[in-house]
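The structure appears right after this line, and notes come after that.
Just follow the structure's listing: the first ligand is 1, and inside any ligand the first atom is 1. In this chain, residues are counted from 1 in sequence order. The figures here come from the full heavy-atom set of this structure, side chains too, leaving out hydrogens, waters and symmetry mates. Here the structure is a predicted model, which is why all the values come from computation and not from measurement.
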Amino acid sequence: MEGLDLVLVGPASRRLGRGLKAYGLEVVELEYRVFPDGESYLRVPVDVKGLNIAVLQSTYPPQDKHLIELFLALNVAKELGAEKIIAAVPYLAYARQDSMFKPGESVSLRTIIRLIEDCGASAFITFNIHKAERMEWFRIPSLNLSAVKAIADHLARLELIDPVILAPDKGAVYLAEEASSILKAEYSYLEKRRDRDTGSVETLYRELNVSGRDVVIIDDIISSGSTIANVAEIASKQGARRIFAACVHPLLAEGAMDRMRRAGVSKVLGTDCVEGAYDEVSVAPLLAEALRTMI
Ligand code: R5P
(Lines give C-alpha, C1' and ligand atoms only; values in the text may rest on other atoms or scores of the structure.)
Protein backbone atom coordinates (compact mmCIF):
# COMPACT_ATOMS: atom_id res chain seq x y z
CA MET A 1 0.00 0.00 0.00
CA GLU A 2 1.32 3.48 -0.86
CA GLY A 3 1.51 6.34 1.64
CA LEU A 4 2.65 6.74 5.21
CA ASP A 5 0.44 4.96 7.74
CA LEU A 6 1.89 6.17 11.00
CA VAL A 7 4.81 7.72 12.82
CA LEU A 8 6.29 5.93 15.83
CA VAL A 9 7.76 8.56 18.12
CA GLY A 10 10.82 7.84 20.26
CA PRO A 11 11.60 9.46 23.61
CA ALA A 12 13.95 12.11 22.15
CA SER A 13 11.36 13.62 19.81
CA ARG A 14 8.13 13.75 21.79
CA ARG A 15 7.51 17.45 21.19
CA LEU A 16 8.19 17.23 17.48
CA GLY A 17 5.95 14.17 17.33
CA ARG A 18 3.09 16.21 18.80
CA GLY A 19 3.85 18.85 16.19
CA LEU A 20 3.46 16.27 13.41
CA LYS A 21 0.08 15.31 14.82
CA ALA A 22 -1.03 18.90 14.44
CA TYR A 23 -0.18 18.57 10.72
CA GLY A 24 -2.50 15.62 10.34
CA LEU A 25 -0.14 12.65 10.61
CA GLU A 26 -1.07 9.55 12.59
CA VAL A 27 1.33 9.59 15.53
CA VAL A 28 1.95 6.87 18.13
CA GLU A 29 4.41 7.29 20.98
CA LEU A 30 6.65 4.33 21.72
CA GLU A 31 6.26 3.10 25.26
CA TYR A 32 9.43 3.99 27.06
CA ARG A 33 11.07 3.51 30.40
CA VAL A 34 14.54 3.18 31.84
CA PHE A 35 15.62 0.12 33.81
CA PRO A 36 17.26 0.76 37.19
CA ASP A 37 20.70 0.18 35.67
CA GLY A 38 20.11 2.80 32.95
CA GLU A 39 19.21 0.60 29.98
CA SER A 40 16.29 1.74 27.81
CA TYR A 41 13.07 -0.23 27.37
CA LEU A 42 10.93 0.38 24.28
CA ARG A 43 7.67 -1.16 23.15
CA VAL A 44 5.59 -0.61 20.02
CA PRO A 45 2.03 -0.39 21.37
CA VAL A 46 0.22 -0.92 18.04
CA ASP A 47 0.19 -3.45 15.21
CA VAL A 48 2.56 -2.27 12.48
CA LYS A 49 2.56 -5.45 10.36
CA GLY A 50 2.42 -4.55 6.68
CA LEU A 51 2.36 -0.79 7.39
CA ASN A 52 4.53 1.97 6.00
CA ILE A 53 5.86 3.77 9.02
CA ALA A 54 8.38 6.34 10.16
CA VAL A 55 10.41 6.07 13.35
CA LEU A 56 11.05 9.58 14.67
CA GLN A 57 13.96 9.85 17.08
CA SER A 58 16.57 12.58 17.26
CA THR A 59 20.06 11.81 18.54
CA TYR A 60 21.15 14.92 20.43
CA PRO A 61 22.91 14.48 23.82
CA PRO A 62 23.02 11.97 25.39
CA GLN A 63 23.82 10.85 21.84
CA ASP A 64 24.74 7.25 22.57
CA LYS A 65 21.56 6.61 24.54
CA HIS A 66 19.37 8.25 21.91
CA LEU A 67 21.11 6.29 19.16
CA ILE A 68 20.59 2.97 20.91
CA GLU A 69 16.90 3.87 21.32
CA LEU A 70 16.73 4.64 17.59
CA PHE A 71 18.31 1.27 16.74
CA LEU A 72 15.97 -0.59 19.11
CA ALA A 73 12.91 1.13 17.63
CA LEU A 74 13.90 0.50 14.01
CA ASN A 75 14.75 -3.11 14.70
CA VAL A 76 11.58 -3.98 16.60
CA ALA A 77 9.46 -2.33 13.90
CA LYS A 78 11.22 -4.51 11.34
CA GLU A 79 10.74 -7.64 13.47
CA LEU A 80 7.05 -6.81 13.82
CA GLY A 81 6.70 -6.82 10.04
CA ALA A 82 6.47 -3.13 9.11
CA GLU A 83 6.64 -2.87 5.32
CA LYS A 84 8.66 0.33 4.83
CA ILE A 85 10.44 2.12 7.66
CA ILE A 86 11.67 5.69 7.35
CA ALA A 87 14.26 6.56 9.98
CA ALA A 88 13.46 10.21 10.71
CA VAL A 89 16.42 11.53 12.67
CA PRO A 90 16.17 15.33 12.89
CA TYR A 91 19.67 15.68 14.37
CA LEU A 92 22.11 12.99 13.31
CA ALA A 93 24.83 12.56 15.92
CA TYR A 94 28.43 11.81 14.97
CA ALA A 95 28.02 13.47 11.56
CA ARG A 96 30.95 15.83 12.13
CA GLN A 97 33.48 12.99 12.35
CA ASP A 98 33.05 12.21 8.66
CA SER A 99 36.67 11.71 7.61
CA MET A 100 39.85 10.19 8.96
CA PHE A 101 41.26 13.61 9.84
CA LYS A 102 44.20 11.86 11.54
CA PRO A 103 45.37 8.35 10.62
CA GLY A 104 43.55 5.65 12.56
CA GLU A 105 40.53 7.74 13.57
CA SER A 106 37.12 6.10 13.50
CA VAL A 107 34.92 7.64 10.79
CA SER A 108 31.95 7.54 13.13
CA LEU A 109 29.40 8.87 10.66
CA ARG A 110 29.96 5.86 8.40
CA THR A 111 29.44 3.46 11.32
CA ILE A 112 26.24 5.19 12.39
CA ILE A 113 24.86 5.07 8.83
CA ARG A 114 25.58 1.34 8.57
CA LEU A 115 23.85 0.68 11.89
CA ILE A 116 20.74 2.63 10.86
CA GLU A 117 20.52 0.61 7.65
CA ASP A 118 21.27 -2.72 9.32
CA CYS A 119 18.59 -2.14 11.96
CA GLY A 120 15.93 -2.09 9.25
CA ALA A 121 15.52 1.44 7.90
CA SER A 122 14.41 1.44 4.28
CA ALA A 123 14.73 5.24 3.96
CA PHE A 124 16.34 8.04 5.95
CA ILE A 125 15.50 11.68 6.57
CA THR A 126 17.36 14.33 8.53
CA PHE A 127 17.84 18.09 8.77
CA ASN A 128 20.97 19.99 7.77
CA ILE A 129 23.49 17.19 8.12
CA HIS A 130 26.92 18.67 8.74
CA LYS A 131 28.15 17.96 5.18
CA ALA A 132 25.41 17.45 2.61
CA GLU A 133 27.64 15.39 0.31
CA ARG A 134 27.90 12.69 3.00
CA MET A 135 24.29 11.71 2.30
CA GLU A 136 25.81 9.72 -0.56
CA TRP A 137 27.03 7.22 2.01
CA PHE A 138 23.47 5.96 2.50
CA ARG A 139 22.56 2.96 0.35
CA ILE A 140 18.86 3.56 1.07
CA PRO A 141 16.86 6.56 -0.26
CA SER A 142 17.77 9.53 1.90
CA LEU A 143 16.75 13.14 2.27
CA ASN A 144 18.61 16.05 3.85
CA LEU A 145 16.04 18.76 4.62
CA SER A 146 16.86 22.36 5.44
CA ALA A 147 15.33 24.06 8.47
CA VAL A 148 16.51 27.49 7.36
CA LYS A 149 13.13 28.55 6.00
CA ALA A 150 11.51 27.89 9.39
CA ILE A 151 14.31 29.81 11.15
CA ALA A 152 14.16 32.74 8.72
CA ASP A 153 10.36 32.99 8.98
CA HIS A 154 10.78 33.15 12.75
CA LEU A 155 13.51 35.81 12.50
CA ALA A 156 11.25 37.85 10.24
CA ARG A 157 8.82 38.20 13.15
CA LEU A 158 11.52 39.68 15.44
CA GLU A 159 11.48 43.06 13.65
CA LEU A 160 15.22 43.17 13.11
CA ILE A 161 16.77 46.55 12.31
CA ASP A 162 18.69 46.58 9.01
CA PRO A 163 19.91 43.01 9.65
CA VAL A 164 23.13 41.40 8.48
CA ILE A 165 23.34 37.61 8.41
CA LEU A 166 26.76 36.19 9.21
CA ALA A 167 28.06 32.71 8.52
CA PRO A 168 30.79 31.88 11.06
CA ASP A 169 32.70 29.75 8.54
CA LYS A 170 32.57 28.70 4.90
CA GLY A 171 30.53 25.59 5.71
CA ALA A 172 27.70 27.79 6.96
CA VAL A 173 27.58 30.14 3.96
CA TYR A 174 24.72 28.19 2.39
CA LEU A 175 22.66 28.76 5.54
CA ALA A 176 23.37 32.51 5.53
CA GLU A 177 22.60 32.72 1.83
CA GLU A 178 19.27 30.95 2.21
CA ALA A 179 18.26 33.00 5.26
CA SER A 180 19.28 36.29 3.67
CA SER A 181 17.30 35.62 0.53
CA ILE A 182 14.16 34.94 2.60
CA LEU A 183 14.76 37.96 4.84
CA LYS A 184 15.90 40.17 1.93
CA ALA A 185 18.98 41.00 3.97
CA GLU A 186 22.69 41.29 3.32
CA TYR A 187 24.97 38.41 4.30
CA SER A 188 28.65 37.89 4.83
CA TYR A 189 30.96 35.19 6.22
CA LEU A 190 34.08 34.73 8.26
CA GLU A 191 36.83 32.17 8.19
CA LYS A 192 37.47 29.74 10.99
CA ARG A 193 40.29 27.38 11.85
CA ARG A 194 39.87 24.53 14.28
CA ASP A 195 42.77 22.85 16.06
CA ARG A 196 42.16 19.13 15.54
CA ASP A 197 43.92 18.21 18.80
CA THR A 198 42.50 20.72 21.26
CA GLY A 199 39.22 21.48 19.45
CA SER A 200 39.79 25.21 19.96
CA VAL A 201 38.58 27.53 17.21
CA GLU A 202 40.18 30.67 15.83
CA THR A 203 38.19 33.12 13.71
CA LEU A 204 40.07 35.41 11.36
CA TYR A 205 39.31 39.08 11.96
CA ARG A 206 37.79 41.06 9.14
CA GLU A 207 35.87 44.28 8.67
CA LEU A 208 32.11 43.73 8.55
CA ASN A 209 29.48 46.28 7.72
CA VAL A 210 27.58 45.83 11.00
CA SER A 211 27.80 49.16 12.83
CA GLY A 212 24.37 50.11 14.25
CA ARG A 213 22.74 47.08 12.64
CA ASP A 214 21.23 43.89 14.04
CA VAL A 215 23.37 40.83 13.40
CA VAL A 216 22.23 37.23 13.06
CA ILE A 217 24.98 34.62 13.20
CA ILE A 218 23.66 31.41 11.70
CA ASP A 219 25.19 27.93 11.90
CA ASP A 220 24.08 24.31 11.62
CA ILE A 221 25.16 23.39 15.17
CA ILE A 222 25.95 25.28 18.34
CA SER A 223 27.90 23.04 20.67
CA SER A 224 30.49 24.74 22.90
CA GLY A 225 29.36 28.14 21.59
CA SER A 226 32.98 29.08 20.73
CA THR A 227 32.35 29.48 17.01
CA ILE A 228 29.45 31.87 17.65
CA ALA A 229 31.26 33.70 20.48
CA ASN A 230 34.26 34.47 18.26
CA VAL A 231 32.05 36.04 15.61
CA ALA A 232 29.96 37.89 18.19
CA GLU A 233 33.09 39.44 19.67
CA ILE A 234 34.16 40.72 16.26
CA ALA A 235 30.67 42.07 15.48
CA SER A 236 30.37 43.63 18.90
CA LYS A 237 33.74 45.42 18.57
CA GLN A 238 32.54 46.82 15.25
CA GLY A 239 29.42 48.36 16.83
CA ALA A 240 26.68 45.80 16.07
CA ARG A 241 23.33 46.81 17.61
CA ARG A 242 21.93 43.45 18.82
CA ILE A 243 23.49 40.05 18.15
CA PHE A 244 21.35 36.94 17.66
CA ALA A 245 22.62 33.39 17.29
CA ALA A 246 20.45 31.06 15.23
CA CYS A 247 21.05 27.42 14.47
CA VAL A 248 19.29 24.26 13.39
CA HIS A 249 20.75 22.06 16.13
CA PRO A 250 21.10 23.81 19.51
CA LEU A 251 23.19 21.20 21.34
CA LEU A 252 24.51 23.85 23.76
CA ALA A 253 27.09 22.01 25.81
CA GLU A 254 27.73 23.19 29.35
CA GLY A 255 29.05 26.76 29.45
CA ALA A 256 27.98 27.56 25.87
CA MET A 257 25.34 30.11 26.84
CA ASP A 258 27.69 31.98 29.20
CA ARG A 259 30.42 32.01 26.56
CA MET A 260 28.05 33.48 23.95
CA ARG A 261 26.49 35.99 26.34
CA ARG A 262 29.90 37.26 27.43
CA ALA A 263 30.70 37.81 23.75
CA GLY A 264 27.58 39.97 23.32
CA VAL A 265 24.92 37.52 22.08
CA SER A 266 21.52 38.64 23.35
CA LYS A 267 19.37 35.75 22.09
CA VAL A 268 19.90 32.18 20.92
CA LEU A 269 17.31 30.34 18.93
CA GLY A 270 17.22 26.86 17.49
CA THR A 271 14.79 24.24 16.27
CA ASP A 272 13.05 21.24 17.77
CA CYS A 273 15.47 18.93 15.94
CA VAL A 274 17.05 19.22 19.41
CA GLU A 275 14.38 19.41 22.07
CA GLY A 276 15.11 21.63 25.05
CA ALA A 277 15.25 25.24 26.16
CA TYR A 278 16.22 26.65 22.73
CA ASP A 279 13.83 24.84 20.39
CA GLU A 280 11.48 27.75 19.70
CA VAL A 281 11.37 27.11 15.94
CA SER A 282 9.49 23.98 14.87
CA VAL A 283 10.44 21.90 11.86
CA ALA A 284 7.15 19.98 12.14
CA PRO A 285 5.55 21.45 8.98
CA LEU A 286 8.65 20.74 6.87
CA LEU A 287 9.01 17.22 8.27
CA ALA A 288 5.31 16.41 7.92
CA GLU A 289 5.38 17.42 4.27
CA ALA A 290 8.53 15.39 3.56
CA LEU A 291 7.24 12.28 5.35
CA ARG A 292 3.99 12.44 3.41
CA THR A 293 5.75 12.50 0.09
CA MET A 294 8.65 10.13 0.80
CA ILE A 295 6.73 6.84 0.61
C1 R5P B 1 31.39 22.97 12.52
O2 R5P B 1 32.04 23.40 11.59
C3 R5P B 1 29.95 23.30 12.72
O4 R5P B 1 29.38 23.81 11.57
C5 R5P B 1 29.75 24.26 13.86
O6 R5P B 1 30.34 25.51 13.52
C7 R5P B 1 30.38 23.75 15.11
O8 R5P B 1 29.99 22.43 15.34
C9 R5P B 1 30.02 24.61 16.29
O10 R5P B 1 30.72 24.11 17.39
P11 R5P B 1 31.04 25.00 18.64
O12 R5P B 1 29.75 25.61 19.11
O13 R5P B 1 31.61 24.03 19.63
O14 R5P B 1 32.05 26.03 18.23
Side-chain angles (χ1 to χ4, degrees), residues 58-63 66 89-102 105-109 112 126-135 144-148 151-152 165-180 187-206 208 215-236 243-271 273-274 276-279 281 283:
S58 200
T59 58
Y60 54 84
Q63 295 91 331
H66 287 155
V89 187
Y91 169 68
L92 181 63
Y94 288 98
R96 283 171 290 177
Q97 184 70 31
D98 65 350
S99 294
M100 209 178 273
F101 299 106
K102 288 168 73 177
E105 281 180 348
S106 134
V107 183
S108 22
L109 174 61
I112 297 299
T126 192
F127 279 89
N128 299 92
I129 192 169
H130 184 58
K131 268 194 209 127
E133 60 268 32
R134 293 292 183 250
M135 294 298 283
N144 178 34
L145 300 173
S146 175
V148 174
I151 294 172
I165 317 295
L166 295 180
D169 55 34
K170 283 188 178 153
V173 169
Y174 85 100
L175 300 166
E177 245 171 7
E178 196 183 336
S180 71
Y187 79 90
S188 187
Y189 70 93
L190 290 97
E191 279 187 64
K192 176 177 94 174
R193 288 189 196 133
R194 189 181 286 275
D195 184 312
R196 288 270 161 219
D197 291 313
T198 64
S200 67
V201 289
E202 183 199 353
T203 302
L204 307 187
Y205 187 89
R206 62 177 280 205
L208 301 161
V215 165
V216 178
I217 309 166
I218 189 162
D219 208 349
D220 57 343
I221 298 169
I222 301 178
S223 178
S224 69
S226 306
T227 299
I228 297 286
N230 285 359
V231 178
E233 255 169 42
I234 294 172
S236 182
I243 302 174
F244 299 86
C247 69
V248 181
H249 307 298
L251 303 182
L252 295 178
E254 206 183 325
M257 274 313 294
D258 285 347
R259 188 168 290 120
M260 290 187 286
R261 276 207 196 98
R262 280 199 305 272
V265 173
S266 55
K267 182 174 172 63
V268 174
L269 60 95
T271 78
C273 290
V274 175
Y278 300 94
D279 65 357
V281 179
V283 297

With the side chain counted from C-beta on, respond yes when Pro250 and Ile222 share a heavy-atom pair under 4.5 Å apart, and no when they do not.
no
When you look at CZ of Arg193, are more than 12 heavy atoms from neighbouring residues, nucleotides or ligands closer to it than 6.0 Å?
no
Minimum heavy-atom distance between His249 and Pro90, given as atom pair plus value
CE1-O, 3.2 Å
Is there a side-chain contact between Lys192 and Pro168 (heavy atoms, below 4.5 Å)?
no
Asn230 (side chain) donor-acceptor with Val201 (main chain) under 3.5 angstrom
yes
Are more than 12 heavy atoms from other residues, nucleotides or ligands located less than 6.0 Å from atom OH of Tyr189?
no
Can you list every protein residue that has a heavy atom under 4.0 Å from any atom of ligand 1, sorted by chain and residue number?
Arg96, His130, Asp169, Lys192, Arg194, Asp219, Asp220, Ile221, Ile222, Ser223, Ser224, Gly225, Ser226, Thr227
